[in-house]
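Reading through the structure tokens given below for one structure.
Numbers restart at 1 for each chain; the letters A, B, ... are given by sequence-line order, proteins then strands. Since the structure is predicted, the reported quantities are computational estimates derived from the model, not experimental observations.
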There are 2 protein chains.
Amino acid sequence: METLLPKFDSVFSIDCVIFGFDDGELKILLIERNKEPFKDWWALPGYIVEQNESIDHAAERILYELTGLRDIYMDQFYTFGDVNRHPQGRVITVAYYAMIRLNGSKELKPVSNYASKAVWISVNDHPKLAFDHEKIFSRGFEKIRNKISYQPIAFELLPEKFTLTQLQQLYEVILSKKLDKRNFRKKMLNYGILKELDEKQKGVSYRAAKLYKFDKKKYSKLFQKELTFGK
Amino acid sequence: METLLPKFDSVFSIDCVIFGFDDGELKILLIERNKEPFKDWWALPGYIVEQNESIDHAAERILYELTGLRDIYMDQFYTFGDVNRHPQGRVITVAYYAMIRLNGSKELKPVSNYASKAVWISVNDHPKLAFDHEKIFSRGFEKIRNKISYQPIAFELLPEKFTLTQLQQLYEVILSKKLDKRNFRKKMLNYGILKELDEKQKGVSYRAAKLYKFDKKKYSKLFQKELTFGK
DNA sequence: TTACTTAGTGTAGAATATACACCTTATATT
DNA sequence: AATATAAGGTGTATATTCTACACTAAGTAA
């Protein structure tokens with residue numbers, strides 16, 4: 001174990017709150033640190049922004065290194081800049097969230113040099129986190145909870161083909177409350193951004209549900225109109 | 001990697017989009033730079049974050065240095081981290097917005113070392129800005145436009161006592177559209193966050209309007225309920 | 001065939017949003 | 001005093017959206 005705390009100037013880092021949905025549960029990707037400080041603690045995946053990369057690029061890189069996934073929608077949500085948030089010096093971190101499809105089990109890549117492992121852990125049952133990562137996580141969760149209320153971002157978390165019940169379950173875990181089935185379906189179908197497929201769920205031991213696809217074109221038409229106060 | 005975090009020649013800065021409302025116009029506070037790069041250009045007020053201050057503190061400090069105002073509500077809205085956004089090196093900037101009351105003319109303090117003057121300029125008619133400040137400004141404007149649709153933040157911009165017409169004008173300039181007088185009043189009064197005063201406007205050459213005050217207590221009760229999707 | 005489990009559907013009432021025009025009141029002018 | 005001017009202030013009918021609520025249909029497993 002190292003004891004000497006090095007001195008350094010200000011550093012930028014990125015931390016990622018990466019959400020996945022599987023088996024009715026909302027999960028986040030956590031790593032186990034293999035370095036001081038907070039060695040052996042769980043933490044959000046994150047790393048230093050390199051000198052010649054944009055912060056968006058850094059976020060994508062970190063996601064890629066951990067999951068092998070590219071071209072995932074990521075959004076910056078807050079920057080944490082308290083003086084003492086990192087015990088070794090001044091580190092300001094820009095937090096991003098991402099939402100990715102976990103089709104069954106999505107294997108995680110062996111992780112580079114700063115983590116011994118990376119796992120998907122249920123948001124409702126996650127361990128204590130290093131640094132101020134609990135704060136970052138909560139804020140990220142809050143962010144998607146708010147966002148889902150006015151933009152159906154939830155599709156990012158579902159497989160390409162999904163049932164309305166799966167969609168509703170996802171809303172329910174993000175919002176932490178039960179929704180009415182009929183009202184939910186009415187509202188979703190009314191948006192006109194779902195395409196009904198000629199296909200049904202397979203491998204279930206009860207009546208199979210219709211599958212739907214998300215219609216990206218209609219989505220952008222609908223939701224790029226800005227929010228309005230009304231006349 | 002060892003415990004030593006890499007040392008980069010990176011700098012954090014804060015940039016502020018400071019809104020004011022006066023005489024029916026929405027304004028922002030701009031400075032004229034007296035240093036290279038972008039000497040003599042207009043820019044958003046901003047400065048380097050010091051080693052031992054939080055980013056929130058830095059934002060407040062910058063606002064104070066320019067306006068002499070403290071305890072103003074400021075909110076971080078986005079962090080800009082493109083590699084080449086600053087011609088002299090890597091500068092990542094955290095952008096904040098603030099809204100302040102301009103009662104008639106609010107005099108600005110003589111500005112410290114990085115600006116020759118600071119002035120209020122109408123948002124609809126502002127000069128070209130240095131760095132990527134146009135992008136920062138637009139994003140900040142967008143932010144308050146969205147926010148005002150679900151939280152009546154506009155009160156920050158008005159004098160303590162105001163008329164409903166003033167409030168409506170402010171909404172109109174932020175949203176860039178005309179609103180219906182009766183519907184606007186109905187909605188605002190329904191929120192229950194306005195206190196009608198026993199006082200009228202003075203110094204106008206027509207029928208004076210009733211003055212209202214913003215009721216902070218009722219506001220927090222009402223708007224701390226989070227946004228919901230409904231049942 | 002029966003039991004089980006989830007899929008799928010409609011309607012009525014409440015609340016909210018929208019469209020729309022005229023009289024009132026205070027001041028300034030003659 | 002009378003008149004002109006300019007903004008203040010108000011109500012109602014219609015459309016739209018939100019909410020609450022319960023049963024039948026379809027497929028699978030025993």
Side-chain angles (χ1 to χ4, degrees), chain A residues 23-25 148-152 158-159 161-173 175 177-213 222-223 225-231, chain B residues 23-25 148-152 158-159 161-173 175 177-213 222-223 225-231:
Chain A
D23 200 19
E25 274 194 318
I148 208 178
S149 305
Y150 60 93
Q151 280 191 10
L158 291 170
K161 300 171 182 182
F162 52 84
T163 69
L164 291 178
T165 299
Q166 287 169 337
L167 182 60
Q168 183 178 342
Q169 282 171 348
L170 176 52
Y171 269 76
E172 289 178 345
V173 297
L175 297 172
K177 68 174 175 186
K178 282 274 165 207
L179 302 174
D180 179 81
K181 183 157 66 161
R182 275 175 293 191
N183 293 339
F184 180 81
R185 285 168 182 235
K186 214 185 310 171
K187 187 164 180 171
M188 277 297 151
L189 293 172
N190 257 6
Y191 283 145
I193 57 176
L194 293 180
K195 209 185 289 177
E196 188 180 327
L197 300 175
D198 247 354
E199 226 177 317
K200 296 200 164 180
Q201 219 177 5
K202 275 179 188 150
V204 287
S205 66
Y206 46 81
R207 176 180 178 183
K210 276 185 216 157
L211 290 171
Y212 288 81
K213 247 175 107 173
L222 183 57
F223 285 92
K225 296 176 206 158
E226 67 265 84
L227 296 179
T228 52
F229 178 79
K231 183 181 166 186
Chain B
D23 200 19
E25 273 194 317
I148 207 178
S149 304
Y150 60 92
Q151 281 192 10
L158 291 170
K161 299 171 183 183
F162 52 85
T163 69
L164 290 177
T165 300
Q166 287 169 338
L167 181 60
Q168 182 176 343
Q169 282 171 346
L170 176 53
Y171 270 76
E172 288 178 343
V173 298
L175 299 171
K177 67 175 175 186
K178 282 274 165 207
L179 301 174
D180 179 81
K181 184 160 63 163
R182 273 175 293 189
N183 293 339
F184 180 83
R185 284 165 183 237
K186 214 185 307 170
K187 188 165 181 173
M188 278 296 150
L189 294 172
N190 257 7
Y191 282 144
I193 56 176
L194 293 182
K195 209 186 288 177
E196 188 179 326
L197 300 175
D198 248 354
E199 226 177 314
K200 298 201 163 179
Q201 219 177 2
K202 276 180 188 150
V204 287
S205 65
Y206 45 79
R207 176 180 178 183
K210 276 184 214 157
L211 290 171
Y212 288 81
K213 247 175 107 173
L222 183 57
F223 285 92
K225 299 176 203 157
E226 67 263 86
L227 295 178
T228 53
F229 179 79
K231 182 179 168 190

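- Remark: Lys186(B) pairs with Asn183(B) by the side chain to side chain contact (heavy atoms under 4.5 Å, CB included) rule, at least two apart or across chains.
- Among residues two or more places apart in sequence or in another chain, the side-chain hydrogen bond (donor to acceptor under 3.5 Å, both in side chains) test is passed with Gln168(B) by Glu172(B).
- The CG atom of Leu189(B) sits 12 Å away from the P atom of dG11(D) (whole-angstrom rounding).
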Kindly list each side-chain donor-acceptor pair under 3.5 angstrom involving residues 199-211 of chain B, sequence neighbours excluded, with atom names and distances?
| unit_1 | atom_1 | unit_2 | atom_2 | d |
| --- | --- | --- | --- | --- |
| Glu199(B) | OE1 | Lys161(B) | NZ | 3.0 |
| Glu199(B) | OE2 | Lys161(B) | NZ | 3.2 |
| Gln201(B) | OE1 | Ala209(B) | N | 3.0 |
| Lys210(B) | NZ | Glu196(B) | OE2 | 3.2 |

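- Atoms NZ (Lys202(A)) and P (dT6(C)) sit 21 Å apart, rounded to a whole Å.
- Atom-to-atom, CG of Asn190(A) to P of dG10(C) comes out at 13 Å; the value is rounded to the nearest Å.
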Review point. How does protein contact run along nucleotides 21-30 of chain C, one letter per nucleotide 5' to 3', with B for base contact, S for sugar-phosphate only, - for none, heavy atoms under 4.0 Å?
Key: B--BBBSS--
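- Summarising the geometry, atom CG belonging to Leu175(B) is positioned 9.0 Å from atom CG belonging to Leu170(B); distances are rounded to the nearest 0.5 Å.
- For Lys187(A) and dG8(C), the NZ to C1' distance is 20 Å, given to the nearest whole Å.
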Between the protein and nucleotides 12-17 of chain D, which nitrogen or oxygen pairs are less than 3.5 angstrom apart?
| unit_1 | atom_1 | unit_2 | atom_2 | d |
| --- | --- | --- | --- | --- |
| dT12(D) | O4 | Lys186(B) | NZ | 3.0 |

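- Between the C1' atom of dT16(C) and the CZ atom of Phe184(B) lies a distance of 17 Å, rounded to the nearest Å.
- Contact annotation: Thr165(A) does not reach the phosphate of dT6(C) (side-chain N/O to OP1 or OP2, under 4.0 Å).
- With sequence neighbours left out, Lys195(A) forms a side chain to side chain contact (heavy atoms under 4.5 Å, CB included) with Lys213(A), Asp215(A).
- At whole-Å resolution of the value, CG in Leu179(A) and C1' in dA20(D) are 14 Å apart.
- Checking each of Met188(B), Lys181(B), Lys187(B) against Arg185(B) for a side chain to side chain contact (heavy atoms under 4.5 Å, CB included) leaves exactly one that passes, namely Lys181(B).
- In terms of the ring-ring contact (aromatic ring centres under 6.0 Å, His included) criterion, Tyr212(A) has no residue partners (sequence neighbours excluded).
- Between the C1' atom of dA17(C) and the CZ atom of Arg185(B) lies a distance of 18 Å, rounded to the nearest Å.
- Residues Leu167(B) and Pro152(B) are not in side-chain contact: their nearest non-hydrogen atoms beyond the backbone lie 4.5 Å or more apart.
- Glu25(B) pairs by the side chain to side chain contact (heavy atoms under 4.5 Å, CB included) definition with Lys27(B), Ser122(B), not counting sequence neighbours.
- The distance from atom CG of Asp180(B) to atom P of dG11(D) is 15 Å, rounded to the nearest whole Å.
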